[in-house]
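Take a look at the structure set out below.
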Amino acid sequence: MADQQADELALAEVVEFTSGLIRIDTTNRGGGDCRERPAAEYAAERLAGAGLDPLLLERTQGRTNVVARIEGTDPSADALLVHGHLDVVPAEAADWTVHPFSGEVRDGVVWGRGAVDMKNMDAMILAVVRSWARQGVRPRRDIVLAFTADEEASAEDGSGFLADRHPELFEGCTEGISESGAFTFHDGSGREIYPIAAGERGTAWLKLTARGRAGHGSKVNTENAVTRLAAAVTRIGEHEWPLRLTPTVRAALTELAALYGIDPDFTDVDRLLEKLGPAAKLVESTVRNSANPTMLDAGYKLNVIPGEAVAHVDGRYLAGGEQEFTATLDELTGPDVDWEFAHREVALQAPVDAPVFARMRAAVEEFAPGGHVVPYCMSGGTDAKQFSRLGITGYGFAPLKLPVDLDYQALFHGVDERVPVEALHFGVRVLDRFLRTA
């Protein structure tokens, strides 16, 4: 952003757009009742104002996606996908300091559901693209912009629909960037760490069903479905998964160990994590598969033993760990409980020695010269899973420079979600620099 006036306008717009998108309630409860179209129209209108020709695409009425392409100066270069989702998780207004869909800007902070997940990044993308239009900037490689629906559920109406039904829109894309990376992680000792995601654990959302003999609640019943389900859920919740180091996690541990002057002893990873102190939070959820029971459903009357009981489990597995995951679930559920995938998506890995990663690192370090960039693996997942079907390698890169007293990771799906204005300004500058050089 060499032009000072264009820079200042982009910084104002990113705050305006973050607030404006938050005010559009795109709550996704997972039952199909979400309507992203107003937010999609908001984004499309601003893309059109930057001279682009955005397409609005739906699989289901109201579940709208936006796609646009910026032509680069080098037609021989591969294209880059830049994507963000428009939906958000639910928020109970009574629990919040400010209304979650107010988009209020108070004391230099933008408040509301989506402030970090991920309407802030959507706003950064819009602000950068419009700044380029004002300055006549063109990137080296084609950039495909995608604003998606349904990421907070199955992505069937969003990135899954786009990848399966409109692959031509992503022609030439070899790499992509989206949420959950390049944010400030404060380690408690004055260091600023900027983790860039180069991997995601696979998604394995499970439905468990126990069947038994229905009967009166006062009678002996050795085939109680609730008891069978409870035993299986307890075994799953208490299971200790074995260590599994992927190349991305190994790279993260290696760079963090070097930062702290620690020998990266991979023969005792738990001890290594202890030595890393607070920085271990960046890695500890991704050295193993996991399965957490989250929902239970059984019975219809207190004195009736039901013939069926159901539970849901949020499972995640590392790259190469899916077979281990399924075999373990077979053992833990036992003969009296069946299980199936309610939703399933692949684990991802991206090379940390690729030129695009080096350019992301350089862009962050230019605007955070005291910061330390490291790769890491996300414990959860993003739309990068669906776009990987098109051969697109995904990275998490939504830059934010955050103050010490703001727990960024706790704000994801949390109460009082918010983002500082200065963090948005940093994000626009870093994103602009990276996309110019990518």
Side-chain angles (χ1 to χ4, degrees), residues 1 10-11 14 18 80-85 114-128 139 143 145 175-187 191-200 248-249 251-252 255-256 259 279 281-283 286 348-384 393-404 406-412 419-438:
M1 293 186 175
L11 300 185
V14 72
T18 301
L80 176 72
L81 171 62
V82 180
H83 59 102
H85 62 85
V116 299
D117 186 16
M118 64 171 295
K119 290 179 175 179
N120 61 339
M121 177 63 167
D122 296 334
M124 289 181 214
I125 296 166
L126 294 173
V128 168
I143 294 179
L145 308 174
E175 297 156 328
I177 63 166
S178 189
E179 60 183 317
S180 297
F183 56 90
T184 317
F185 177 90
H186 296 277
D187 74 345
R191 289 184 180 86
E192 293 184 355
I193 301 173
Y194 289 84
I196 295 176
E200 300 181 3
T248 298
V249 174
E255 292 204 27
L256 286 169
L259 177 60
K281 292 180 181 179
L282 295 171
V283 185
T286 58
L348 301 179
Q349 287 202 97
V352 300
D353 57 354
V356 70
F357 192 93
R359 290 175 182 136
M360 286 187 281
R361 185 192 294 269
V364 171
E365 290 177 345
E366 178 173 345
F367 292 95
H372 306 274
V373 174
V374 300
Y376 88 119
C377 176
M378 296 184 202
S379 61
T382 73
D383 280 333
T393 301
Y395 293 91
F397 187 77
L400 293 170
K401 185 174 175 62
L402 301 169
V404 174
L406 190 71
D407 189 345
Y408 169 78
Q409 292 176 314
L411 294 178
F412 272 81
V419 62
V421 168
E422 287 302 317
L424 294 172
H425 291 175
F426 173 85
V428 166
R429 291 182 171 123
V430 173
L431 187 63
D432 169 74
R433 182 55 49 87
F434 165 68
L435 292 178
R436 288 181 189 235
T437 60

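- Applying the salt bridge (Lys or Arg N to Asp or Glu O under 4.0 Å) rule to R359 yields no partners; only residues at least two apart in sequence or on another chain are considered.
- By the ring-ring contact (aromatic ring centres under 6.0 Å, His included) test, F434 is found to be paired with F397, residues two or more places apart in sequence or in another chain being considered.
- Contacts of H83 classified as ring-ring contact (aromatic ring centres under 6.0 Å, His included), with partners at least two apart in sequence or in another chain: F387.
- In this structure, the side-chain contact (heavy atoms from CB on, under 4.5 Å) partners of P420, at least two apart in sequence or on a different chain, are L402, P403, L406, A423.
- For A358, the side-chain contact (heavy atoms from CB on, under 4.5 Å) criterion is met by no residue, not counting sequence neighbours.
- With sequence neighbours left out, T382 forms a side chain to side chain donor-acceptor pair (under 3.5 Å) with E200.
- Applying the side-chain contact (heavy atoms from CB on, under 4.5 Å) criterion to H425, with sequence neighbours excluded, gives L11, V14, V15, V421, E422, R429.
- Here the OG1 atom belonging to T18 is positioned 9.0 Å from the CG atom belonging to L126, to the nearest 0.5 angstrom.
- The salt bridge (Lys or Arg N to Asp or Glu O under 4.0 Å) check on E365 picks up nothing, with sequence neighbours excluded.
- When the side chain to side chain donor-acceptor pair (under 3.5 Å) test is applied to S379, no partner is found at least two apart in sequence or on another chain.
- Here the side chains of E192 and H186 are in contact, with some heavy-atom distance below 4.5 Å.
- Counting heavy atoms from C-beta outward, L431 and M121 have side chains that approach closer than 4.5 Å.
- Summarising the geometry, atom CG belonging to L400 is positioned 6.5 Å from atom CG belonging to L424; distances are rounded to the nearest 0.5 Å.
- The salt bridge (Lys or Arg N to Asp or Glu O under 4.0 Å) test applied to E366 returns R433, not counting sequence neighbours.
- With sequence neighbours left out, the side chain to side chain donor-acceptor pair (under 3.5 Å) criterion links D122 to no other residue.
- Here N120 pairs with nothing under the side chain to side chain donor-acceptor pair (under 3.5 Å) rule; sequence neighbours left out.
- For the pair F357 and P351, the minimum side-chain heavy-atom distance is 4.5 Å or more.
- The shortest non-hydrogen separation linking A438 to L80 is CB-CD2, 4.0 Å.
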